Amino acid sequence: MPTSHLLKIEDLHHNFGKEEVLKGISFSLDKGETKVIVGPSGTGKSTILNNIIRLVPPDRGKIYLEDVEITSTKKINEVRQQIGFVFQDFGLFNHLTAKGNVMIGLTKVKKMDKKEAEELAMFELDRVGLKNFADSYPSQLSGGQAQRVGIARALAMQPKLILFDEPTSSLDPELTGEVLRVMKSLAEEGMTMLVVTHEMGFARSVADELIFMEGGNIVEQGYPEKLFNNPEHKRTKEFLFQLVDLYGEGEE
Amino acid sequence: MLDIFLNYYPVLFKGLGVTVFITIISCFSGTVFGVFLSLGKIYGNKLVSNLVTAFIAVIRGTPLLVQLFIIYYGLPAYGVNFSPITAAVISFIINSGAYQAEYLRGSIQSVSSGQLKAALSIGMTKWQGIFHIILPQALRRVIPAWTNEFIYMIKYSSLAYVIGAKELMTEAKLIASRNYQFFNVYLVTALIYLVVIIIFVYFFNRFEKKVAIPGFDFER
């Protein structure tokens with residue numbers, strides 16, 4: 001029995017048709033930790049996140065949330081309430097205002113009364129700096145604002161951890177900054193986060209651990225500065241420095 | 001022509017009342033039925049999905065008049081008797097439901113699959129996601145097709161005259177067969193349909209604008 005990790009992943013495998021995209025991934029996440037997964041496109045980074053809350057069920061392997069096995073549980077909806085998910089394309093409900101997006105999980109899933117849900121929604125929107133946009137619809141928001149609503153929606157469910165699936169990949173650099181700042185402050189407040197991103201600045205300044213993946217395997221994992229300055233694999237160095245060339249070193 | 005209208009408008013309007021009654025009941029109930037059919041077809045298991053597909057194929061593949069005759073003239077042989085209006089309403093609900101199911105299927109499938117994924121991610125069940133996230137968007141998108149269906153239904157409800165339901169067309173036929181002014185009587189009848197349809201379409205278009213999601217409507 002695994003012990004005392006908030007999230008533990010054991011020997012995760014996933015196939016898309018004949019192609020094996022995850023070839024046995026294992027790692028764990030403790031309360032308050034932020035881990036960042038990096039790696040080339042198509043290496044299965046997002047698949048791990050989708051496997052965790054079973055939006056895409058894994059083919060093999062086990063995932064534990066606080067020692068409870070969640071890969072085969074019938075109560076996956078309860079698991080999903082405890083694990084937030086932030087999508088690359090925001091995934092906001094188009095027919096609801098920013099506030100409505102944050103509230104609907106509270107009223108329909110948690111059965112919270114409307115007034116209480118509204119208060120919590122406003123609190124979370126304020127937390128991501130969007131109190132004044134509560135009545136805007138997704139199409140009236142910039143990408144950065146939309147993504148921050150996505151984060152507020154995840155936060156409102158009061159999850160034990162939040163998964164971020166390339167949260168800034170469809171944003172321009174300016175908007176990326178406003179989303180990363182929100183994520184950074186969450187990490188500082190002690191939120192547990194698992195982040196797939198190419199933002200090296202964020203990874204270096206926030207991550208407790210950097211996980212470098214390629215070809216469905218974890219090539220190397222460790223403290224970000226170690227991977228940057230003293231990686232054990234040549235491939236890690238090549239890839240990380242390519243990202244730095246492309247995206248810069250970030251704000252730090 | 002005006003004198004026809006002035007002489008007979010109480011009778012014509014009584015018939016119109018029946019027409020509008022049949023249409024509204026059939027069209028709205030058809031929507032509810034159509035929602036269940038389309039959900040069964042898209043999200044149901046294989047058995048449900050195939051049953052719905054077969055049902056829709058049969059209803060769309062056979063004439064409305066035949067369906068009406070089976071219900072009104074055919075069922076009494078098995079001890080099921082309906083009044084003309086009830087028989088008309090039942091057959092129109094079934095028929096309209098089948099058509100509306102297909103309009104709805106199109107609009108449900110036009111809502112991005114990411115929407116359901118996001119609903120699941122906050123802990124909704126599949127059916128919560130469908131009812132709270134997918135349907136509210138799909139139903140808005142189906143309003144133009146639904147308006148079409150309503151217009152069609154107002155006019156095709158005149159088929160009920162063949163089984164003697166006292167709707168607008170039945171009354172018109174009775175008047176014309178008494179005074180022999182077929183041209184004028186049917187012209188007045190046509191104008192009544194036209195005016196009523198224009199009024200309904202006006203309100204449906206207003207409703208469509210009212211519920212439009214900002215950013216998803218077109219400013220002209």
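What you see is a predicted model, and the numbers here were worked out from it, not measured in a lab. Residue numbers start from 1 in every chain, and the chains themselves are labelled A, B, ... in the order their sequence lines are given, proteins ahead of strands.
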Whether over 12 other heavy atoms sit under 6.0 Å from [X] [atom1]:
{"X": "Phe36(B)", "atom1": "CZ", "value": "no"}
{"X": "Glu189(A)", "atom1": "CD", "value": "yes"}
{"X": "Phe207(B)", "atom1": "CZ", "value": "no"}
{"X": "Lys110(A)", "atom1": "NZ", "value": "yes"}
{"X": "Tyr103(B)", "atom1": "OH", "value": "yes"}
{"X": "Tyr156(B)", "atom1": "OH", "value": "no"}
{"X": "Lys126(B)", "atom1": "NZ", "value": "yes"}
{"X": "Tyr73(B)", "atom1": "OH", "value": "yes"}

Quick check: closest heavy atoms across [X] and [Y], and the distance to 0.1 Å?
{"X": "Gln140(A)", "Y": "Pro214(B)", "result": "NE2-CB, 3.3 Å"}
{"X": "Gln128(B)", "Y": "Val109(A)", "result": "OE1-CG2, 4.3 Å"}
{"X": "Gly91(A)", "Y": "Ala118(B)", "result": "O-CB, 3.1 Å"}

Which bit of [X] is near chain B, if near means a heavy-atom gap under 4.5 Å: side chain, backbone, both or neither?
{"X": "Phe93(A)", "result": "both"}
{"X": "Ile83(A)", "result": "backbone"}
{"X": "Leu92(A)", "result": "backbone"}

So which residues of residues 145-158 of chain A are in contact with chain B at a heavy-atom cut-off of under 4.5 Å? Arg153(A), Met157(A)
What are the residues of residues 127-137 of chain A, in order of number, with any heavy atom under 4.5 angstrom from a heavy atom of chain B? Tyr137(A)
Gap between atom [atom2] of [Y] and atom [atom1] of [X] - 0.5 Å precision:
{"X": "Lys108(A)", "Y": "Thr125(B)", "atom1": "NZ", "atom2": "OG1", "answer": "12.0 Å"}
{"X": "Asn94(A)", "Y": "Arg140(B)", "atom1": "CG", "atom2": "CZ", "answer": "10.5 Å"}
{"X": "Asn77(A)", "Y": "Leu120(B)", "atom1": "CG", "atom2": "CG", "answer": "7.5 Å"}
{"X": "Arg80(A)", "Y": "Ile122(B)", "atom1": "CZ", "atom2": "CD1", "answer": "11.5 Å"}

Do side-chain atoms of His95(A) reach the backbone of Leu135(B) as a donor and acceptor pair under 3.5 angstrom? no
Look at Ile133(B), Val111(B), Val211(B) and state which one has the largest set of heavy-atom pairs under 4.5 Å with chain A. Ile133(B)
